[in-house]
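Okay, structure first, notes after.
What you see is a predicted model; the values in this text were computed from it and never measured.
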Amino acid sequence: MSANIRTVWVEVVCVLLCSRLSGVFSAPLCMNAQNGCHILSLSDLFDRVIQHSARMHGISNDLHSEFEQYFLPSKNQIGRVSRNCHTSTIFTPNGKENAQRMARQELTEVILKLLLAWRDPLWHFHQNMAHHPDFNNFSSNKALEMSDMVHELRKGVEKVAEKMQMSGIISNSVSSLASPEAPLPANGREWRLMKDYDLLYCFRRDSNKVQNYLKILKCRIVPEHGC
């Protein structure tokens with residue numbers, strides 16, 4: 001497959017994927033059958049955000065591998081990567097057992113904080129890659145797709161949180177993290193000082209955390225559905 005055809009194909013897939021996810025996540029939730037409402041159970045909502053997070057993490061893995069292959073061919077160079085992530089100030093439970101012990105509301109807040117922290121970095125990373133002479137269009141499109149997917153996943157998790165609030169599972173305090181004006185975490189601007197490879201490493205790590213936390217949260221709240 002030629003590079004041009006491959007690029008067009010990626011763009012088409014991204015448009016279709018994002019359109020479909022946007023339609024699901026943007027539809028207003030309602031408890032009863034009302035006009036203009038898209039009724040989804042809490043289990044269905046969890047399934048959708050978990051599937052979305054899995055695709056997002058898969059793309060982050062692909063892009064990280066490509067970047068490592070083309071830009072860091074030397075193992076010595078890879079060893080010098082700093083690994084200082086701008087999300088390090090967000091407390092994230094280490095391991096499955098610690099995540100399971102965390103209160104459901106707190107775990108929901110951690111997920112939203114991680115997604116919020118990537119609101120700007122991935123977009124700027126895509127802009128850098130789009131103007132990088134050694135980075136092909138295929139990889140640049142992946143960077144843009146990751147940026148879009150973070151936005152869509154955050155909207156999806158907000159819908160999950162909204163549904164949990166309506167069901168009395170968590171309090172309304174999570175709503176402040178769903179606001180478009182929600183402040184970035186402490187040191188949330190430090191990503192501007194990070195190298196591209198560090199940024200990709202950190203996003204791959206955080207996207208894996210988000211995926212695992214969503215699975216744990218679902219199994220704690222609706223264990224009868226696929227857990």
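- Among residues two or more places apart in sequence or in another chain, the side chain to side chain contact (heavy atoms under 4.5 Å, CB included) test is passed with Ser147 by Leu122, Trp123.
- Here the side chains of His86 and Pro121 are in contact, with some heavy-atom distance below 4.5 Å.
- Side chain of His52 to backbone of Glu152: no donor-acceptor contact under 3.5 angstrom is found.
- Contact annotation: the side chain of Tyr213 never approaches that of Lys96 to less than 4.5 Å [non-hydrogen atoms, C-beta and beyond].
- Using a 4.5 Å heavy-atom threshold, the side chains of Glu145 and Asp148 count as separate.
- Inter-residue side-chain proximity for Phe91 and Glu109 is flagged as unmet; no heavy-atom pair is nearer than 4.5 Å.
- Considering CG of Leu107 and CG of Asn98, their distance stands at 11.5 Å, rounded to 0.5 Å.
- Of the inter-residue distances, the one linking Lys159 atom NZ with Leu42 atom CG reads 13.5 Å to the nearest 0.5 angstrom.
- Looking at heavy atoms from C-beta onward, Leu217 lies in side-chain contact with Met164 at the 4.5 angstrom threshold.
- Residues Arg154 and Arg119 form a side-chain contact, since some pair of their non-hydrogen atoms from C-beta on lies under 4.5 Å apart.
- A salt bridge is defined here as a Lys NZ or Arg NE, NH1 or NH2 lying under 4.0 Å from an Asp or Glu carboxylate O, and Glu158 with Lys155 fails to meet this definition.
- Rounded to the nearest 0.5 Å, atoms CZ (Phe46) and OG (Ser41) are 10.5 Å apart.
- Taken to the nearest 0.5 Å, the CD atom of Gln51 stands 6.0 Å off from the CZ atom of Arg55.
- A side-chain donor-acceptor contact under 3.5 Å links Gln105 and Ser171.
- Partner Leu114 forms a side chain to side chain contact (heavy atoms under 4.5 Å, CB included) with one of Ile111, Leu116, Val110 and no other, that one being Val110.
- Note: Met146 CE to His64 NE2 = 10.5 Å, rounded to the nearest 0.5 Å.
- Among the candidates Thr92, Leu153, Ile50, the single residue satisfying the side chain to side chain contact (heavy atoms under 4.5 Å, CB included) test with Val210 is Leu153.
- Checking side-chain atoms of Asn208 against main-chain N and O of Arg204 turns up no donor-acceptor pair under 3.5 Å.
- Put simply, the side chain of Leu40 does not reach to within 4.5 Å of the side chain of Lys163, judged on heavy atoms.
- In this structure, the side chains of Gln211 and Ile216 stay at 4.5 Å or more apart for every pair of heavy atoms.
- Under the side-chain hydrogen bond (donor to acceptor under 3.5 Å, both in side chains) criterion, Ser207 pairs with His57, Ser60, not counting sequence neighbours.
- Taking Asp206 as the reference, Thr87, Trp118 meet the side-chain hydrogen bond (donor to acceptor under 3.5 Å, both in side chains) condition, with sequence neighbours excluded.
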